[in-house]
Amino acid sequence: MRPAWICLSQNAHILYLIFCLCHHTQAITIQVSGNTVTAPVQGSALFSVDIACIGTPTVRWMFSSVSRTQRIAAWVLGGSANVTQMYEGRVQTHPNGSLTISSLRLQDSGYYIITVTEMSGNSKDMGLVLSVTEVLHEEIPFLVVFVIVLATLAAFLMLCVWLLNKLYRFIKAWIQRRCLPGNKLHLPLKLCSRIFYF
Ligand SMILES: *[C@@H]1O[C@H](CO)[C@@H](O)[C@H](O)[C@H]1NC(C)=O
Ligand SMILES: *[C@@H]1O[C@H](CO)[C@@H](O)[C@H](O)[C@H]1NC(C)=O
């Protein structure tokens, strides 16, 4: 028979295990549909998150890139948001913890970190990547002008070739007529014999 304290210690272990499991299932979860968001310059990006936790959490969004780290907004879900001055007017906070940034610039590319903090102090982070892409529309007029210039040049060259060809035929015919025997302005025989073969 085992001593009573071993049984007790085993029970304590089981209790501890149950506590851990419960604690684990009660942990904060942040679900995202994708870790990368791609949006064009001047467009807007929605960082959509689905938060599950105990009570009403505080949500904080931070921006982090190679060159800087910046707070964007913080709010208690359901309350009004505290938006950092430099993001005022182009950041929209949603009641579900999601964030929308509009009027995007290339410098907005980087990591966006959401921190969800419960009343108890438990917190969890989640990182999302934003990739801001340049719009190619600005280059299209330039390309169109370039193609038009090339086409005009080609048309002009073709016209030149056509005119030169006409001119050549006209001169040849004119000379051949002059070479015909009996023509008043008969050209020297040596020249005529050459001309008939060019
Ligand atoms: C959160 O709310 C925003 C705005 O209402 C919505 O566009 C987005 O889909 C929501 N996200 C989730 C995961 O429900
Ligand atoms: C809101 O902004 C003020 C000033 O920028 C700051 O002191 C405060 O800590 C912010 N509140 C939260 C919840 O981040």
Side-chain angles (χ1 to χ4, degrees), residues 9-148:
S9 135
Q10 270 178 349
N11 283 343
H13 271 110
I14 290 164
L15 276 177
Y16 180 70
L17 203 73
I18 289 168
F19 172 77
C20 282
L21 277 173
C22 287
H23 194 74
H24 193 74
T25 51
Q26 282 172 0
I28 305 163
T29 59
I30 307 168
Q31 274 184 5
V32 292
S33 49
N35 281 350
T36 309
V37 178
T38 308
V41 169
Q42 287 304 315
S44 65
L46 165 69
F47 298 110
S48 181
V49 291
D50 200 356
I51 300 165
C53 63
I54 302 164
T56 311
T58 302
V59 171
R60 258 172 242 279
W61 281 96
M62 297 260 293
F63 169 70
S64 175
S65 73
V66 187
S67 50
R68 67 200 173 94
T69 301
Q70 178 74 52
R71 291 171 67 153
I72 302 172
W75 74 102
V76 174
L77 284 197
S80 65
N82 198 356
V83 177
T84 306
Q85 207 177 355
M86 72 178 286
Y87 281 97
E88 259 172 28
R90 60 188 203 108
V91 152
Q92 202 187 341
T93 56
H94 302 293
N96 60 10
S98 301
L99 186 85
T100 301
I101 302 179
S102 39
S103 308
L104 289 173
R105 307 157 193 161
L106 286 178
Q107 307 94 279
D108 289 325
S109 292
Y111 285 97
Y112 287 79
I113 300 138
I114 177 175
T115 307
V116 177
T117 313
E118 284 179 345
M119 296 284 196
S120 62
N122 284 343
S123 76
K124 190 171 181 179
D125 292 343
M126 174 70 117
L128 289 143
V129 178
L130 174 67
S131 164
V132 180
T133 53
E134 251 175 308
V135 230
L136 296 171
H137 293 149
E138 287 157 32
E139 286 158 28
I140 285 175
F142 177 77
L143 204 74
V144 166
V145 167
F146 186 70
V147 167
I148 288 173

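Sequence positions, counted from 1, serve as the residue numbers for this chain. Both counts, for ligands and for their atoms, begin at 1 and track the order of listing. Values below: all heavy atoms of this structure, side chains included; hydrogens, waters and symmetry mates excluded.
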among protein heavy atoms, the one nearest atom 5 (O) of ligand 1 is His94 ND1, 4.3 Å
closest protein heavy atom to atom 3 (C) of ligand 1 is Asn96 ND2, 3.7 Å
Distance col, row Trp61:CH2 vs Thr84:OG1, nearest 0.5 angstrom, shows 13.5 Å
Quick look: Leu46 vs ligand 1, heavy-atom contacts under 4.0 Å, and the answer is side chain
Gly97 and Ile114 have their tightest heavy-atom pair at O-CD1, 4.0 Å
Quick note on ligand 1: atoms under 4.0 Å from a heavy atom of Ser48 include exactly 8 (C), 9 (O), 10 (C), 11 (N), 12 (C), 13 (C)
dist Leu128:CG -> Ser48:OG (nearest 0.5 Å) comes out at 9.5 Å
Interatomic distance, CD1@Ile51 vs CE@Met126, rounded to 0.5 Å, equals 10.0 Å
Ligand 1 to Val49, heavy atom cutoff 4.0 Å, flagged ligand atoms 12 (C), 13 (C)
Distance col, row Leu130:CG vs Ile101:CD1, nearest 0.5 angstrom, shows 6.5 Å
